[in-house]
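Take a look at this one; I'll ask things after.
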2 protein chains.
Amino acid sequence: MSTAIKAVQPAVPRFLAADEFSRECVEFFGETVQLFGFGPPSIGEIYGLLYASQEPLSFSDIFERLDISKGSASQGLNLLRSLGAVHTVAPVDANGRREYFSPELSLRKLLRGVLDERVSPLAGKSAGRLARLRELADWAGGRERKFRLSRVQQLETWRRRLKAVMPVLIALLGPKSKK
Amino acid sequence: MSTAIKAVQPAVPRFLAADEFSRECVEFFGETVQLFGFGPPSIGEIYGLLYASQEPLSFSDIFERLDISKGSASQGLNLLRSLGAVHTVAPVDANGRREYFSPELSLRKLLRGVLDERVSPLAGKSAGRLARLRELADWAGGRERKFRLSRVQQLETWRRRLKAVMPVLIALLGPKSKK
DNA sequence: CGAGAAGTTCAAGAACAAATGAACAAAATG
DNA sequence: CATTTTGTTCATTTGTTCTTGAACTTCTCG
């Protein structure tokens, strides 16, 4: 019994929400994710749906109300979980459903998740690259060598600055630390 | 007379650089752009090539040494220019070439460009969306209304924080203001 | 157990973004 | 000017990423 309601809007017939508020949240987060490129837009939509709901939602709530495939819902939820953007809560009414989902609401934690999963892995790689660049710079002679070393040094400075800024960013954005 | 030299490396036969240092810079910036999704990776490669060069390069230097089409080079350079990431310098030896290109080296300015061109336009749109969400929240009754208003308020808080952080970010990252 | 529902995985296809190349415009050259 | 060279535009091709759907595994409950 699919309780999905066809959206009347001519614009985006993609989302079949029960109400306008959810609909708008779904679109909002969907676009935001697309814009920042955190991952597939559908994960934004899933988060948006959860964000608009007072109670945790079940797996089937999600793929039915968003009118996406079970596959997308499953993958999306796993990704969101790995980013720490949604949590699973034990089924209250233990009705076949294995778990229910609710959104992480702390901006600090949301950022942390993205940073840890997405940018930190990069850190190691870029360190290696810089080391190699420095080597290569050293091989040249005279003026060219000097030039290259200065470039590499600048890259290292950039890198250092970016790294230093991360904690500050999180400190500024996170609420006074929740729990 | 294409002076491009086939890269010997088995891995990425895409870039035909004169030397390893340029090659590495091209890859480095190419990947960085891809990672952050500022635009097509080719703009990173162009920037990387310029970054590795002591002298400004001409249009044909660029598409020949990167072995990309003139079209890509043209579009990429325009995009980079609109972001303030490359500058054009008047031809020194006035030899047919209309202009030469050099990279912007100030991290502050590079960030500014991306922020102004990419995130600021978003700001207006998201403000509109939030206004609409607030409206929708208000329509509901009782408990649901309260819940929705709290959600909208949180979104507004997030937005305010993100906005406030931008200048700080730039201040922290930019060198003491160059020129 | 065993039947049915919940959830996962992955190959195939749809949707999207980027690069190409050829036709075109603008400058320089002579 | 006529010709060659430099650079731009844009329709088409190429390549990547997302979603789907169906087969599969896991869980629930009689």
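Only a predicted model underlies this, so the values are computations on that prediction, with no experimental measurement involved.
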Between the protein and nucleotides 15-18 of chain C, which nitrogen or oxygen pairs come in under 3.5 angstrom?
none

*Could you go step by step and tell me if E144(A) and R148(A) meet the salt bridge (Lys or Arg N to Asp or Glu O under 4.0 Å) rule?*
CA-CA 6 Å; E144(A) 182 68 16; R148(A) 289 182 178 183; 2.9 Å; yes
_Residue pairs involving residues 120-146 of chain A (criterion ring pair (Phe, Tyr, Trp, His ring centres under 6.0 Å); sequence neighbours excluded)_ = none
*Are the side chain of S22(B) and the backbone of L49(B) linked by a donor-acceptor contact shorter than 3.5 Å?*
no
*Sort out for me which residue in V33(B), L110(B), L83(B) forms a side-chain contact (heavy atoms from CB on, under 4.5 Å) with Y47(B).*
L110(B)
*Taking CD1 from I46(B) and P from dA19(C), how many angstroms apart are they, rounded to a whole number?*
9 Å
*Whole angstrom is fine here: how far is it from CD1 in I62(B) over to P in dT6(D)?*
14 Å
Enumerate the protein-to-nucleotides 8-14 of chain D contacts in which both atoms are nitrogen or oxygen and the separation is below 3.5 Å.
residue, atom, partner, partner atom, Å
dT8(D), OP2, S74(B), OG, 3.0
dC10(D), N4, Q75(B), OE1, 3.0

_For a 4.5 angstrom cut-off between non-hydrogen side-chain atoms, does L57(B) reach F101(B)?_
no
*In whole angstroms, how far is the P atom of dG7(C) from the CG atom of L57(A)?*
12 Å
*asked:* Can you confirm if the NZ or CZ of R151(B) lies within 45° of the ring axis of Y51(A) and under 6.0 Å from the centre of its six-membered ring?
replied: yes
*Could you give the CG-to-P distance, from L35(B) to dT17(D), as a whole number of Å?*
12 Å
*Examine distances only and state if a side-chain atom of Y100(A) and a backbone atom of E55(A) form a donor-acceptor pair shorter than 3.5 Å.*
no
*Between F29(B) and W158(A), how do the two ring planes meet: parallel, tilted or perpendicular, split at 30° and 60°?*
perpendicular
*To the nearest angstrom, how far is F63(B) atom CZ from dG7(D) atom C1'?*
9 Å
